[in-house]
There are 2 protein chains.
Amino acid sequence: MNSASYHHGNLRQALLDAALLLIRQRGIEQLSLRAIAREVGVSQTAPYRHFADKNRLLVEIAIQTFNELAQHCQAALQADASTPENIRLCGLAYLHFAIANPERYKLTFGQSIEHRQDYPELMAAGMDSFAVLLDLVEQGIQDGSLLALDAQLMANTCWSTIHGFASLAIDGFYQRQCLTLSNDQLINNMIDLATRAICRQPPDLMKNTDQ
Amino acid sequence: MNSASYHHGNLRQALLDAALLLIRQRGIEQLSLRAIAREVGVSQTAPYRHFADKNRLLVEIAIQTFNELAQHCQAALQADASTPENIRLCGLAYLHFAIANPERYKLTFGQSIEHRQDYPELMAAGMDSFAVLLDLVEQGIQDGSLLALDAQLMANTCWSTIHGFASLAIDGFYQRQCLTLSNDQLINNMIDLATRAICRQPPDLMKNTDQ
DNA sequence: CAAGGATGTGTGCGCTGTCAACTTAAGGCC
DNA sequence: GGCCTTAAGTTGACAGCGCACACATCCTTG
């Protein structure tokens with residue numbers, strides 16, 4: 001492979017990598033297709049050989065992010081832990097990932113991607129990562145640790161809480177506090193509350209729960 | 001006032017109104033300052049007499065939206081209802097507003113506004129609308145209907161759940177279902193679960209809660 | 001070794017946010 | 001009433017953007 005070849009060799013992945021780099025550096029809002037091409041060192045229209053349009057490139061990154069997120073959450077589970085405890089671990093891992101990769105998280109869940117419904121692979125990747133939580137909830141229903149309600153309902157509630165917190169934190173609604181994971185205590189407490197919503201026998205929370 | 005006057009008279013508000021109209025019609029992503037000016041019938045730079053830049057105009061809309069949202073939630077409360085019931089009503093009103101005004105909600109909470117931390121009035125408006133919920137939670141702690149935990153923690157948890165659900169629903173993660181309020185039942189159940197997280201004596205949920 | 005598809009380039013269009021310089025209208029002061 | 005400051009709106013321009021089109025170059029396969 002001659003280094004200054006006309007053909008790049010692996011432009012598709014190089015573009016994705018460059019996009020991730022620029023997103024991390026300057027945020028999604030500032031991301032332009034031309035800047036990505038510039039970063040890689042190709043002409044501004046070269047990306048169109050590999051992605052139908054800018055949106056399609058973002059979709060690709062979102063899919064990868066969904067997969068990584070699911071993997072990250074799955075890896076946090078422990079075989080010998082109770083189901084509620086595993087739900088807690090899953091939520092914690094989710095928040096860690098979101099806060100460690102705020103720009104990617106915003107890209108994946110935010111408005112940067114247009115007409116996300118039109119991309120079945122993207123929706124499927126989202127469902128797949130949601131399935132990690134859904135499986136846990138179904139397991140909890142069966143082993144009796146969770147309420148005997150609709151699994152989708154309970155999983156969605158948990159997901160909403162975690163996603164809502166991640167979004168609010170990332171978008172700066174909690175200013176400085178919470179965004180650093182040094183403040184793990186608050187995140188832990190919130191996740192405890194979230195799981196309390198669906199547990200059959202809610203755990204004692206802190207000292208004064210009195211129930 | 002001659003009708004075809006050089007000076008508009010109330011251009012500032014006219015621009016805000018036009019912006020809301022265009023947002024409702026074509027979404028935030030498509031909103032351009034020039035289109036707003038075109039809609040009002042002034043030159044493309046006229047808005048700069050009233051707003052420092054596009055971002056500042058969006059901030060203004062977000063502030064108004066925060067205020068309306070808070071007002072909407074406040075109006076849903078009932079003097080003779082229990083605190084948990086009022087929290088439920090508040091969350092319900094919040095979701096109604098969000099789903100009825102998806103584009104404005106996205107604008108207010110999403111990434112369209114850059115550097116929101118740099119606008120103290122915006123942050124204050126956000127805090128003010130959050131205060132509606134926070135007050136309820138503090139009241140619930142005092143009257144003993146809620147857990148004796150940190151009020152900020154519990155209010156944040158509730159807010160995260162509701163905001164998370166609104167975001168996911170608006171961004172299409174639940175596809176058709178849920179987005180129509182004809183499906184009130186699901187929203188109601190979710191809010192019940194969310195309040196269960198912080199209630200001292202969680203209410204019976206549906207038939208099979210068995211506790 | 002020729003052909004042809006895949007991959008990358010160059011140029012250009014219409015759109016955007018924003019700026020500087022200009023024009024117009026309105027209101028206060030003598 | 002005439003003048004002058006100032007707020008409000010206009011004109012024209014610039015750089016950057018996504019994208020479409022025609023063209024150049026290379027690799028592969030027969």
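These figures come from a predicted structure and were not determined experimentally. All chains are named by letter (A, B, ...) in the order of the sequence lines, taking the proteins before the strands, and each is independently numbered beginning at 1.
- Counting to the nearest Å, the P atom of C:dG17 and the CG atom of B:Leu57 are 11 Å from each other.
- For B:Gln44, the listed nucleotide lying nearest its side chain is D:dG12; candidates were C:dG8, D:dG12, D:dC19.
- Checked against D:dG18, C:dT9, C:dT16, the side chain of B:Arg34 finds its nearest nucleotide in C:dT16.
- In terms of modelled atom types and a separation under 3.5 Å, the side chain of B:Glu60 and the main chain of B:Leu16 share no donor-acceptor contact.
- Straight-line distance from the CD atom of A:Gln30 to the C1' atom of C:dT16: 14 Å, rounded to whole Å.
- Rounded to an integer number of Å, the gap from B:Ile28 CD1 to C:dT16 P is 17 Å.
- Of the candidates D:dG18, D:dT10, C:dT16, D:dG18 carries the atom nearest the A:Ser32 side chain, counting heavy atoms from C-beta on.
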B:Arg26 vs A:Glu114, salt bridge (Lys or Arg N to Asp or Glu O under 4.0 Å): CA-CA, chis, key distance, verdict: CA-CA 12 Å; B:Arg26 282 185 272 260; A:Glu114 299 185 333; over 6 Å; no
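- When rounded to the nearest whole Å, the span between OH of A:Tyr48 and C1' of C:dG10 equals 15 Å.
- Remark: B:Glu29 CD is packed, more than 12 non-hydrogen atoms of other residues, nucleotides or ligands lying under 6.0 Å away.
- A donor and an acceptor atom sit less than 3.5 Å apart, one in the side chain of B:Arg49 and one in the base of D:dG9.
- The side-chain heavy atoms of A:Leu153 and B:Met190, taken from C-beta on, include a pair separated by under 4.5 Å.
- Among the heavy atoms of the strands lying under 4.0 Å from B:Arg38 are primed sugar atoms or P, OP1, OP2 only; no base atom is included.
- Whole-Å rounding puts the A:Phe51 CZ to D:dC19 C1' distance at 16 Å.
- A sub-4.0 Å separation between OP1 or OP2 of D:dG9 and a side-chain N or O of B:His50 is present.
- For A:Asp53 and C:dC15, the CG to P distance is 19 Å, given to the nearest whole Å.
- When the ring-ring contact (aromatic ring centres under 6.0 Å, His included) test is applied to B:Tyr48, no partner is found at least two apart in sequence or on another chain.
- Within the structure, every side-chain polar atom (N or O) of B:Ser43 is placed at least 4.0 Å from both OP1 and OP2 of D:dT11.
- Within 3.5 Å, no donor on the side chain of B:Thr45 pairs with an acceptor on the base of C:dT18, nor the reverse.
- Here the P atom of nucleotide D:dC17 and the CG atom of B:Leu33 are 19 Å apart, to the nearest Å.
- In this structure, the CG atom of A:Leu11 is 12 Å from the C1' atom of C:dT9, given to the nearest Å.
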